[in-house]
Every structure is written in structure tokens, then in C-alpha cells.
Amino acid sequence: MNPPGLGTYLNLLWTFGLMSLLAVGGANATIPEMQRVAVEVNHWMTNAQFADMFAIAQFSPGPNVLIVTLIGYQVAGLTGAAVTTFAMCGPAGVLAYFVANFFHRSSHSFWPSMIQASFVPVSIGLMAAGGYVLARTVDVSPAATVVTLVTAAVAVGTRINPLWPLAAAGVLGFMGFV
Amino acid sequence: MDQPAPPPVSVRNLAAEPPGLLELFFAFSKMSLAGFGGVLVWARRAIVEQHRWMTPDEFNEAFALCHLLPGANIVNLSIVFGGRFRGIPGSVAAFLGLLLPPTLIVTTLGILYSYFGDMPGLQRTLNGIACAAVGLFLAVTIRMMGPLVKRKNPIEIGLMVAVFVAVGVIRAPLVAVLLIALPLSIVATYLWRKRAAA
């Protein structure tokens, strides 16, 4: 691979900065578009490589949006990873800062507080939909479904540290039960 | 930047002190490093249950805004949350806390995975963890429904279920669902508040 030039960094910055501003509904809603840009448009990687990166980002600690860090690393090394991560998180974050500030300042006036409250049922409905879709993706066996449901029940019903069910499920998986 | 807004009248044992910059940085790096399969579970646990920096309702509203604005929800939440208590420096502290440690880890894992990714034991372990991670995500969703269930506003609950069915079951395009659901939700909230005021 040739050492990446300024053009590569600018391309990453522009591509992912724009993508972040169109990414309504969270990073996971953007995965199909990322795949199109990285594999089909720019030929930065193969489909299999993209799938591997998705898996690593899902299983790593931290926000799932960090799949873009891996894409940036693949394209242009450590600097590429930093540039891409910043492009994906910066512009959308600045927008969120100002919008949220506006809503918070005017949280005692009628319309802003009402509009913000009215977002809540839509947002939670979307989360439930995301959880359902994820569950159908990972719960490919009855045992896997049981692990998901038991974890959910334990986490709702108790104040147990969530690392315990994660570790237990990892052990079950390693032993071949899931 | 401005001081935290004076709490509304109906206050409820929140933390006395708003978080400082270092506290923001470390709180968000802790959530982030614990966040296998998603940080929201840990963010709500830390912000609402452990530190009591926000009420369940305040958290729902802040998160809903970050969720429906473009970008990664939890990244937006770190910026909005830090900013609410400490202005722009607070945003930067929370943002860096959230992203710096896991970025280093994910890059390292990416390099390691290219060598060891084919080990079957690793794949099986990760599959097991994924199942539990989804369970945790479902649990935090259920907890966030708490305030809505208590209010017993049938339109609000109906909208939530309708969005779930449209996006999760029917797999309708997200933008179309939002364009229909958001105006409906605004009208419903308006009527509900007017009725409550009357």
C-alpha cells in the first residue's frame, strides 16, 4: 500500500463527516451505508473484511460506532483511524450540543419542553425495535434465546453488575452451549 | 458556560454536586470500557442509578434527543451531558473519556484479530457474549419504559408500540416512520398536556 496522502485523509474526513450528519437513529442504522461506501464505492476492503470489522466493533468495549476507527485504520493507518473517528463523531456532536443547549435553556417554555418530551415514546419504540432485530440476529438457537431472555430478566429484576451475565454467557459460549 | 438550571419543583433525591471535569472524563471512560455490545446500559446505570445526576425522566429526554439527532447516540449523549453541567470543557471531557480508551483498545483488537480471528473457541465465546449483550439492551429498554408506563398515557404507549412494530417487525424505512411518528407524537403530547392543565 502506498503511504496515504493528504487526499486520502480529506476523503475520509469528508465521507464520514457527511455520513455522521445523515446517521439518524444511531450508528447501527448506518451500517448498510458504511458497507456501500467502504466496499462498493471506494474498494477499501472486501465484504468479508467489513463483516470482521463489524464483529470486532460489536464485541469491543465502547460505542459500536468505533467500527469507523477500524475502517480508518485499514485505509490509512493510525492517522486514518484518528481522522475517521473524529469525522464520524465531531460534526454530529457539535450539532447535538447546540440543539440540546437550546432545548435545555428553554426547558421551561411551552413548545421546546413539549417537543422534547414528545420525542421520548418514539425513541423508546425505536430502541425496542433495534433490540428485537438484534435478538433475531444473534439468537439463532433455543439456547441462545434462553441466554438473552434470562439476562434481560435478571437485569430488569435485580441490581446485579451487568458484567456477570456477560462473563457467564462467554463461558457458556466457550463450552459450546450457546 | 451557565450553571446547571435550577431543578424543577418536583425534586427527587439527585446528587447535590454536579460532576466536575475529571469526574466526567472518568465516569464516561468507565461506562465506555464496560460497554461490551453497547454503552447505553452502563450510561443509564451510572447517570441515573449510581451517581443520580439525572432523574429517569431527564435521562429519557436527553437520550431521546441524542437518539433522534444524527450521529452516534452515546457519543452525542456524552457531549450533551458534559455540556449541560460544565459547558464546552465538560463536553470535551466526557467525549474524550468515552472515546479515547476504547479507540485504543479497538485498534489493538483489530490488529490482534487479523492474527487470531480464526480461533473457534474465541468465536464461540464472542457468540455467547453477544446473546447476553442483547439481553442487557432489552433490559435497559424496559427500564426506560418505566416512566411511560407509570404515566399511563394511552396515546404515548400506543405510539411507542406502533414505532416498534413499524421498524422492528415490518422493517419500514426509518425516515418514513419518523416523519409520521414525530408529528403525531407532538400533537398527542400537546393534547395530553392541555387536558392535564384543564
Side-chain angles (χ1 to χ4, degrees), chain A residues 20-27 29 56 58-63 65-66 69-70 73 81 85 89 92-93 96-97 99-100 104 114-129 131-135 138 144 147-148 151-152 155-156 162 165-166 169-170 172-174 176 178, chain B residues 32-33 35-37 39 41 60-61 64-76 79-80 83-84 91 102-103 105-107 109-110 113 121 124-132 134-139 141-142 144-145 148 156 159-160 163-164 167-168 174 181-182 185-186 189-190:
Chain A
S20 86
L21 291 176
L22 300 175
V24 176
I56 300 170
Q58 287 287 315
F59 295 132
S60 302
V65 69
L66 292 185
T69 311
L70 294 168
Y73 180 77
T85 309
C89 300
Y97 180 88
V99 174
H104 190 60
M114 211 198 65
I115 287 174
Q116 205 181 349
S118 70
F119 282 2
V120 172
V122 178
S123 163
I124 297 180
L126 271 185
M127 285 182 51
Y132 177 72
V133 170
L134 274 176
V138 302
V147 169
T148 299
T151 306
V156 169
L166 286 174
L172 286 175
F174 181 77
V178 178
Chain B
S32 188
L33 289 176
F36 293 90
V39 180
V41 174
N60 275 358
E61 291 197 359
L65 194 65
C66 294
H67 189 185
L68 298 181
L69 286 172
N73 315 330
I74 231 49
V75 177
N76 286 348
I79 291 170
V80 167
R84 179 162 310 177
S91 291
T103 314
I105 291 175
V106 84
T107 311
L109 285 180
Y113 188 85
R124 286 202 308 268
T125 309
L126 294 180
N127 289 344
I129 292 176
C131 297
V134 174
L136 291 177
F137 184 81
L138 293 175
T141 310
I142 292 170
M144 289 177 73
M145 287 175 187
L148 280 77
E156 198 178 43
L159 260 168
M160 181 176 77
V163 169
F164 164 73
V167 176
L174 182 64
L182 285 176
S185 188
I186 290 173
T189 313
Y190 174 74

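Naming convention: chains lettered A, B, ... in sequence-line order (proteins, then strands); numbering from 1 in each chain.
Between chain B and the residues A:G131, A:A92, A:S123, the largest count of heavy-atom pairs under 4.5 Å involves A:S123. Of the residues considered (B:V167, B:I74, B:V106), B:V106 shows the highest number of contacts with chain A, using heavy-atom pairs under 4.5 Å. Of the residues considered (B:L182, B:V41, B:V163), B:V163 shows the highest number of contacts with chain A, using heavy-atom pairs under 4.5 Å. When A:V178, A:T69, A:L166, A:V147 are compared by the number of non-hydrogen pairs under 4.5 Å with chain B, A:L166 comes out ahead. For chain A, the option among B:N127, B:L159, B:T103 with the highest count of heavy-atom pairs below 4.5 Å is B:T103.
The contact between B:I142 and chain A is made entirely by side chain atoms (from C-beta outward), counting heavy-atom distances below 4.5 Å. In this structure, the portions of A:I124 lying under 4.5 Å from any heavy atom of chain B include both its backbone and its side chain. Only the side chain of A:V133 comes within contact range of chain B, with at least one heavy atom under 4.5 Å from a heavy atom of that chain.
Looking at A:L66 and B:I105, their side chains never come closer than 4.5 Å, going by heavy atoms from C-beta outward. Contact annotation: the side chain of B:L148 approaches that of A:P121 to within less than 4.5 Å [non-hydrogen atoms, C-beta and beyond].
With sequence neighbours excluded, the residues satisfying side chain to side chain contact (heavy atoms under 4.5 Å, CB included) with A:T148 are A:D139, B:C131, B:V134, B:L138. B:E156 meets the salt bridge (Lys or Arg N to Asp or Glu O under 4.0 Å) test with B:R151; sequence neighbours excluded.
B:F164 CZ: more than 12 foreign heavy atoms inside a 6.0 Å radius.
Annotation for B:T125 and A:G170: closest pair CG2-O, 3.5 Å, computed over non-hydrogen atoms.
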